[in-house]
Amino acid sequence: MSQPLSLNIALVGVGGQGTLVAGKLLGTVANLLGLDVKVSEVHGMSQRGGSVITYVRMAETVASPIIEPAQADFILSFEELEALRWAYLLKAGGALLVNNLQIPPATVSTGVAKYPQGIVSELDEKALGQSKVFSFDAQKLADEAGSYRATNVVMLGAMSRLTAIDPDIFAKAIDLVFPEKLRAVNHKAFQSGSDIIKYTCEF
Amino acid sequence: MDKPANFAGLDRQLLLGNEAIARGAFEAGVKVISSYPGTPSTEITVNAAKYPRIYTEWATNEKVGLEVAYGASLGGGRAMSCMKHVGLNVAADPLFTSSYTGVNGGLVIVVADDPGMHSSQNEQDSRHYARAAKLMMFEPADSQECLDMTRQAFALSEQYDTPVLLRLTTRISHTRTQVTVGEPIEQPRRAYVKDMMKYVMMPGMAIKRHVVIEGRQSQLQKDLDSGLVPGAFTITRKSEKLGILTSGMAYQYVREALPDASIFKLGLVYPLPIEQIRAFAASVERFVIVEELDPFIETEIKAAGIACEGKSLFTLQGEYSLALLNKVFHPETVLDPAYDTSALTPAPGRPPVMCAGCPHKGLFMALNRLKLTVAGDIGCYTLGALAPTNAMDACLCMGASVGMAHGLDQVTDHELARKSVAVIGDSTFLHTGVSSLINSVYNGSTSTVIILDNSITGMTGHQQNAASGLDIHNQPAPELDLEQLCRAIGVRSIYEVDPADIKACVKVIKQAVEEPQVTVIIAKRPCALIPPGIGKKEEVVKLDRDKCTRCQACIKIMCPALLAGPDGYPQIDPNICNACHLCTRVCNFGALKGGNEA
Ligand SMILES: Cc1ncc(C[n+]2csc(CCOP(=O)(O)OP(=O)(O)O)c2C)c(N)n1
């Protein structure tokens, strides 16, 4: 790489879906790459099933920890509606990765609003420039790897395919972030995320 | 520096601002930390508890926390108390007078503001306390500064004989940035020397101490103006066209939006190095102050007769951002987005909800059925104000529900007491509800108080409290008996009920509100998210399709584990279900089975 790596990654989902751990993993990756990094998290009220976002910015130097509209290289959405909500952060040419999971919010269960249909195809059709949308059942892949809780790491595995970052760095970060007994499941989850993009791209 | 890419960076840790403050306290040789939880400050004390050298505790409220820390300082050790912005309102009484007495061991009070109100009931700006109480206040701009300024604050506290405030905002507290940690210092406890003139604040002594603190403040001002206070400010000189005065997170937005501007960055936001700022302002063509929330710095600068721009350009509300600064300084900026947002289907909102298995929900469903006026309080249960229960009429501050119910009672000559209740969590009741209950009993109230005892301080992420039987390290501690406490206060009528049993709740509440005296209902069931939890995973709820009429009554309780399937039948997510029995209880057809149906 001639230019130092610079990435803005938004991790979005519903409180409790594991965006915090994913953010910590990406922060560790940046640390291992010798880059400056900021990871901005949400704690508190929204963790109770609200919409949550973790911002990760890595570059030679990072000042603001927040990703602004049209500034994200990647959005990893752990739920479909949240992909729609945060899509405005993606820049032209960026990639939106969506876990095929629908969690109706309270506004829908009470009948105040409707859960939009066909979110993924809408996002795919309306993407401008060279932007790409990838969607897959990350939770199923995580389940197969050993725990649905590894959904976040499946998402990271998928993203890793689309970056120039050496997968070994991710593997090292997994070893640093997870306790011994969770490492094998997460390595496996990472690999299946990575594979799913490989196969999707070959279509 | 030439580091191999794969292995660089391991000397740098990625810490939350809050973790870095805990580390700073450890390195500064702090002996005692007493805090009450509150987002976004909670993780400071949680992390400090991991250092065996520091004595940490959860106090019953912020006033107590600060007083414990003050006592430790009096005894010659370094001490700290951490709280959220509204917590400082509760601790304001000891705060103001501790400024008069000064300290023995260094005393630092950490206060975390919440611009944007991610998890708060208001957006107050704590910097006003620094001016009002005549205290130094630091404001870090990233995690490294959190660590460094914590150490600095302790040194200055002892040097100037004053408590020192350290102000955070949510974005600083909850952002991980790289930190190079230092070595802890040995900080021997200072000798305790009895000194009535310094520590006993009666008018005769306080009059003399007031002279001392005005002297301290003018000495500090001189030192600041001469640039003698380490960490007070840094100046980056670039263009002479534009100079910015800023601090904290706003500094990061300025740095990114205006790479060519000269920047006067404050580390100490009170008092200000006025003469240094005057010289800086004179050296630039345009002088702008960028600060979130109130025009605190701006007011000081204008009072000193320095011309500036500030809130004429920026909002008083919410968090700032790069986009906001660009709007003011580079309105020509064009974005290259992946989506034309106006062409996308709008996403319905996703407000926070009570968790699967939350014990509060059943009780709020009962309140909803009874259509009572509910004086509310602060905690997870405040979500009872929202759909589907919609059972809260007011929520002001911690502990307020009990007094509000008494006020509603008195203003209607006891009539409204028949149709109203106060609801208050266990931690909140112990925080400031107890004194209000004493007041209600003493003053002949006929109000009803429901204590939602889930055996934990839930909202802030599960901290133990005096009624939970465990201490900050999850070790056994004396367990306060709420019923005995209420009896001792003079409450004659006390009920206990299982909040998940809606029918029992309805019955007890109906009976309690009719009583012409203060009545307490203890709704007792532990939070579903703490061990031992409510049910076992083998007991997750299952659907009997043959019995289900698709009436959707179970969907309406809005359990996160229970979704309406496309065919109208409920779908139960076994990963989320905590095996409570609320849905089985609302089903009139026996179609939902499992949970620990008692
Ligand atoms: C003065 C003050 N301190 C702290 C807080 C933060 N806070 C909000 S709710 C809460 C405690 C809630 O615990 P509890 O009353 O037991 O109810 P639960 O959340 O467990 O239902 C705290 C500490 C606050 N809002 N105000």
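In the text below, chain A, chain B and the rest are named by the order of the sequence lines, each starting its count at 1. Basis for what follows: all heavy atoms, side chains included, without hydrogens, waters or symmetry-related copies. In this text the structure is predicted, and so the values were computed from the model without any measurement.
Using a 4.5 Å cut-off between heavy atoms, B/M249 touches chain A through its side chain atoms alone. For A/V62, the part lying near chain B is the backbone, with the side chain staying farther off; criterion is any non-hydrogen pair under 4.5 Å. The contact between B/T345 and chain A is made by backbone and side chain atoms together, counting heavy-atom distances below 4.5 Å. Looking at A/E79, only its side chain comes within 4.5 Å of chain B, counting heavy atoms on both sides. Looking at A/I66, the atoms closer than 4.5 Å to chain B (heavy atoms on both sides) all sit in the side chain, from C-beta outward. The part of A/V133 that comes within reach of chain B is its side chain, from C-beta onward, which places non-hydrogen atoms under 4.5 angstrom from that chain. In this structure, the portions of A/L123 lying under 4.5 Å from any heavy atom of chain B include both its backbone and its side chain. Contacts of B/P351 with chain A are made by both backbone and side-chain atoms, with heavy-atom separations under 4.5 Å. If you measure heavy-atom distances from B/L16 to chain A, the contacts under 4.5 Å come from the side chain alone. In this structure, the portion of B/E43 lying under 4.5 Å from any heavy atom of chain A is its side chain and not its backbone. Residue B/A564 does not touch chain A at all, counting heavy-atom pairs closer than 4.5 Å. Using a 4.5 Å cut-off between heavy atoms, A/Y148 touches chain B through its side chain atoms alone.
Environment of NZ in B/K265: crowded, with over 12 heavy atoms of neighbouring residues, nucleotides or ligands closer than 6.0 Å. Annotation: A/K140, atom NZ; neighbour count of heavy atoms from other residues, nucleotides and ligands within 6.0 Å does not exceed 12. Counting non-hydrogen atoms of other residues, nucleotides and ligands closer than 6.0 Å to CD of A/E60 gives a total of 12 or fewer. Heavy atoms from other residues, nucleotides or ligands lying under 6.0 Å from CZ of A/R183 number more than 12.
Side-chain contact between B/L322 and A/Q71 is present, with at least one heavy-atom pair separated by less than 4.5 Å. Residues B/P348 and A/L81 are in side-chain contact: their nearest non-hydrogen atoms beyond the backbone lie under 4.5 Å apart. Residues A/L128 and B/D336 are not in side-chain contact: their nearest non-hydrogen atoms beyond the backbone lie 4.5 Å or more apart. Between B/Y339 and A/L96 the shortest side-chain heavy-atom distance falls below 4.5 Å. Annotation: side chain of B/Y253 is in contact with side chain of A/P65 (closest heavy-atom distance under 4.5 Å). For the pair B/R171/A/S40, a side-chain contact is recorded, criterion being any heavy-atom separation below 4.5 Å from C-beta on.
Ranked by heavy-atom pairs under 4.5 Å with chain B, the first of A/R149, A/Q130, A/K126, A/Q102 is A/K126. Between chain B and the residues A/A106, A/G129, A/G23, the most heavy-atom pairs under 4.5 angstrom are made by A/A106. Most heavy-atom pairs under 4.5 Å with chain B, from the set A/G27, A/A113, A/A127: that is A/A127. Counting heavy-atom pairs closer than 4.5 Å to chain B, the top residue among A/A92, A/A70, A/P116 is A/A92. Interface check for chain A: of the options B/A347, B/G461, B/A338, the most heavy-atom pairs under 4.5 Å are formed by B/A338.
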Give the C-alpha distance, both sets of side-chain angles, the deciding distance and a yes or no for side chain to side chain contact (heavy atoms under 4.5 Å, CB included) between A/Q139 and B/N575.
-> CA-CA 11 Å; A/Q139 184 162 323; B/N575 290 322; 3.8 Å; yes
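B/I576 CD1 to A/I103 CD1: the interatomic distance, rounded to the nearest 0.5 Å, is 6.0 Å. The line from OH of A/Y115 to CG of B/L563 is 10.5 Å long, rounded to the nearest 0.5 Å. The OG1 atom of B/T39 sits 9.5 Å away from atom NE2 of A/H43, with the distance rounded to the nearest 0.5 Å. For the atom pair B/L335 CG and A/E68 CD, the distance stands at 9.5 Å (nearest 0.5 Å). Atom OG1 in B/T170 sits 13.0 Å away from atom CD in A/E41 (nearest 0.5 Å).
In this structure a side-chain-to-backbone donor-acceptor pair under 3.5 Å is present from A/N31 to B/R12. The closest donor-acceptor contact from the side chain of B/Q178 to the backbone of A/L35 lies under 3.5 Å. Side chain of B/R350 to backbone of A/T107: no donor-acceptor contact under 3.5 angstrom is found.
For the residue pair B/L344 and A/A87, the shortest heavy atom distance occurs at CD1-CB, 4.0 Å. Counting all heavy atoms, side chain and backbone alike, A/A63 lies closest to B/Q252 at CB-O, 3.4 Å. Scanning both residues, B/A343 and A/E122, for their nearest heavy atoms gives O-OE2, 4.0 Å.
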